[in-house]
Each structure stands twice: as structure tokens, then as C-alpha cells.
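Input: a single structure, listed below in C-alpha cells.
Every chain is numbered from 1, with letters handed out A, B, ... down the list of sequences.
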Number of protein chains: 2
Amino acid sequence: MSKLKDRPLAEPDREEDAVPCCPPLDSPDLSREDAETMAAMFKALGEPIRVLLFSRVASHPDGEVCVCDLGDLGVGQPTVSHHLKKLRDAGLVVSERRGTWVYYRVAPGVLARMGAITR
Amino acid sequence: MSKLKDRPLAEPDREEDAVPCCPPLDSPDLSREDAETMAAMFKALGEPIRVLLFSRVASHPDGEVCVCDLGDLGVGQPTVSHHLKKLRDAGLVVSERRGTWVYYRVAPGVLARMGAITR
DNA sequence: ACTCTGGATCGACGAGTGTCAATATTGAGG
DNA sequence: CCTCAATATTGACACTCGTCGATCCAGAGT
């Protein structure tokens with residue numbers, strides 16, 4: 001007799017990988033590949049709704065957000081799903097399904113990489 | 001009898017304005033307007049060529065770059081001009097014409113704003 | 001099995017964007 | 001004034017992207 005009327009709990013947080021990724025933006029040693037990598041990240045955040053989505057995920061105290069708590073962004077549900085997929089494909093967030101709900105969290109190392117944009 | 005065979009000199013650097021702009025990305029207090037502001041910046045850097053261009057400008061020891069030194073990016077001259085305009089319209093760089101040449105530099109406060117993306 | 005709910009996917013449409021060739025503009029120098 | 005070099009602008013084309021309605025899929029509970 002499961003009483004799963006409330007949503008399941010989160011896993012404990014993991015270590016940050018501290019991925020180097022790229023030299024800072026204001027560095028002369030920025031290869032074309034680096035530029036493509038960084039542009040992909042920037043492009044993923046180049047839409048207001050995706051910035052809001054990422055912010056909601058990144059700022060949540062639990063470290064993750066249920067999609068069901070992401071309403072009221074002014075767009076329909078398929079559009080939200082579409083943008084979450086963009087963020088996923090860009091490697092900025094990861095998703096996990098637990099029961100009926102899907103939870104998103106910031107992918108490991110991403111915030112560190114963002115902090116390393118400038119030297 | 002001007003002997004302007006070499007290019008004119010740069011002006012001394014100015015103060016940074018330290019514009020606050022927006023709370024960090026991983027903050028819960030991120031309004032829709034903040035999201036639009038940040039998305040506009042990200043969108044401007046959402047193209048590899050523009051990342052390269054911005055990097056060339058931001059990493060130059062003189063603090064500015066002549067467009068004539070921006071060759072070999074794999075695209076034609078009108079395209080380079082087009083992307084520079086995008087960076088200008090986004091407020092990331094400013095341009096100044098001195099003689100025949102046009103010089104680009106990072107707009108004041110932009111690097112600080114980038115450093116403030118994460119808390 | 002059937003149903004209900006949360007979320008992803010598909011197909012389509014309009015708006016936006018990168019690229020280039022051609023042309024315009026700006027300033028320097030004769 | 002005329003020409004030349006450095007950038008910017010324009011127009012056109014193909015392609016990408018954001019959005020939505022409709023549909024599909026996966027789990028849960030009865």
C-alpha cells in the first residue's frame with residue numbers, strides 16, 4: 001500500500017567535476033573549437049524563457065525543480081518542454097524521472113564553467 | 001604634410017562603471033526583465049564567430065582592435081561587419097572611427113557584468 | 001485492463017538569422 | 001575633384017527557431 005500522494009525525495013548532492021572547458025573569454029588563446037563550445041552554451045541561454053527556467057532550476061534550495069512547479073511563464077506546456085530539452089542538449093541541466101514527475105537540476109560543473117567566463 | 005601611413009594611437013582607458021544590471025543567474029530574484037536583459041547578452045554571444053570576435057577585442061593588449069586586423073575568420077567582410085554590429089547593438093562593444101580605420105573595444109562594465117553571472 | 005495525470009514529441013507556420021554579392025559611405029591623399 | 005582603401009549597408013536566399021495544437025508515452029492508482 002504505497003502512499004505516494006506526495007512527491008519522492010531528492011538524492012544527496014554530488015561532487016563538482018571542475019571541468020576546465022575553455023580559457024576565459026578575454027584570453028588570446030581561444031580556439032575555434034572553444035568558441036563553438038562557448039557559443040553553444042550562450043545560445044542555449046539566448047532566450048528569456050530559458051534564462052528564467054535555468055534560474056529557477058539553479059536557485060532552488062533543493063538543487064532541483066519539478067517541471068510541475070514551473071508554470072506561469074507565459075507559454076504553453078509543449079513550449080516549456082521544448083526549452084528544457086534545449087537546455088538539456090546544451091549540457092546545462094540534467095533530468096531525472098521519479099514516478100510521474102520529472103526533476104531538473106543544473107548539470108555538474110556548469111556553474112563553475114560560467115564563473116570562469118572571465119578570468 | 002601629414003605622414004599618416006601608420007594608424008593613429010589609442011586613447012587612455014576609462015573607468016569601469018560597475019553597472020549592476022542583474023542579480024546572478026542562480027538567484028531566486030530574477031525578474032522577467034532581468035531575464036530579457038541577460039538573454040540579449042547571451043544571444044549576442046550565441047554564435048561562434050561573435051565569440052571569437054569578442055575574444056579578439058577583449059584580449060587585445062591595447063584594449064582595442066582595428067577591424068582590419070580581424071581577418072581570417074572564414075567569412076567575408078560584410079559578414080564580419082554584420083556580426084560586429086550585433087555585438088554593438090547588444091552593448092557588448094563600442095566602436096570609434098579614427099581616420100580610415102574603425103576600432104572596437106569592450107564596452108565599459110561588460111566584463112564586470114559577465115563576472116557577476118554567478119554569485 | 002482502464003483511466004488519469006505529467007511530460008515529451010510531432011507537424012506546421014511565421015518570424016528571425018547567417019551568409020554573400022553588390023553597392024554605398026567615409027576619409028585620406030594626390 | 002578624383003581615386004583608392006576600409007567599413008557599412010542593402011537585398012536576397014536558405015535555414016533555423018519559437019510557438020502552438022494535437023498526439024503520444026510512462027507511471028500510478030483503482
Is there a side chain to side chain contact (heavy atoms under 4.5 Å, CB included) between C21(A) and T37(A) once you walk through the steps? CA-CA 8 Å; C21(A) 165; T37(A) 304; 4.0 Å; yes
Could you tell me whether Q77(A) contacts a base, only the sugar-phosphate backbone, or nothing, with contacts defined as non-hydrogen atoms closer than 4.0 Å? base
Of T100(A) and K43(A), the one whose closest DNA chain D nucleotide lies more 5': K43(A)
I need the CG-C1' distance between L87(A) and dG7(C), as an integer number of Å. 16 Å
Given side chains that start at C-beta, do those of F54(A) and I49(A) come closer than 4.5 Å, heavy atoms only? no
Looking at R97(A), does any N or O in its side chain come under 4.0 Å of the phosphate oxygens OP1/OP2 on dC25(D)? no
Just N and O in the side chain of T79(B): are any of them under 4.0 Å from OP1 or OP2 of dC20(C)? yes
Starting from P on dG7(C), measure out to CG on L70(A) and report it in whole angstrom. 9 Å
Side chains of R88(B) and Y104(B), donor plus acceptor under 3.5 Å: yes
To the nearest Å, give me how far apart CG (L84(B)) and P (dT9(D)) are. 11 Å
Minimum-distance nucleotide to I49(A) side chain [options: dT9(C), dT19(D), dT7(D)]: dT19(D)
Euclidean distance, atom CZ of residue F42(A) to atom C1' of dT17(C) [Å, nearest integer]: 19 Å
Over how many whole Å does the gap from Y103(A) atom OH to dA8(C) atom P extend? 13 Å
Can you find a side chain N or O atom of R98(B) that sits less than 4.0 Å from OP1 or OP2 on dG27(C)? no
Quick check on DNA chain C: between P78(B) and S95(A), whose nearest nucleotide comes earlier from the 5' end? S95(A)
Can you measure W101(A) atom CH2 to dG7(C) atom P for me and round it to whole angstrom units? 9 Å
Heavy atoms, side chains only, cut-off 4.5 Å: are R105(B) and V94(B) in contact? yes
For residues P23(A) and D29(A), report the shortest heavy-atom separation together with the two atoms involved. CG-O, 2.9 Å
Let me know the distance between CG of D89(A) and P of dG18(D), rounded to the nearest Å. 12 Å
Figure out the CG/P separation between L73(A) and dT19(D), and round it to whole Å. 11 Å
R98(A) and E64(A) ion-paired at < 4.0 Å: yes
Look at the side chain of T118(B) and the backbone N and O of P24(B), then say whether any donor-acceptor pair between them is shorter than 3.5 Å. no
To the side chain of E47(B), which of dT9(C), dT19(D), dG18(C) is closest? dG18(C)
Looking at Y104(A), I'd like to know whether one of its side-chain N or O atoms comes within less than 4.0 Å of OP1 or OP2 on dG6(C). no
Find out whether V80(A) and V75(A) are in side-chain contact, i.e. whether some heavy atom of one side chain is under 4.5 Å from a heavy atom of the other. yes
What does H82(A) touch in the nucleic acid at a heavy-atom separation under 4.0 angstrom: a base, only the sugar-phosphate, or nothing? base
Of all the base pairs, Watson-Crick or G-U under 3.5 Å, which form stems of three or more consecutive pairs involving DNA chain D? C:1-30 with D:1-30
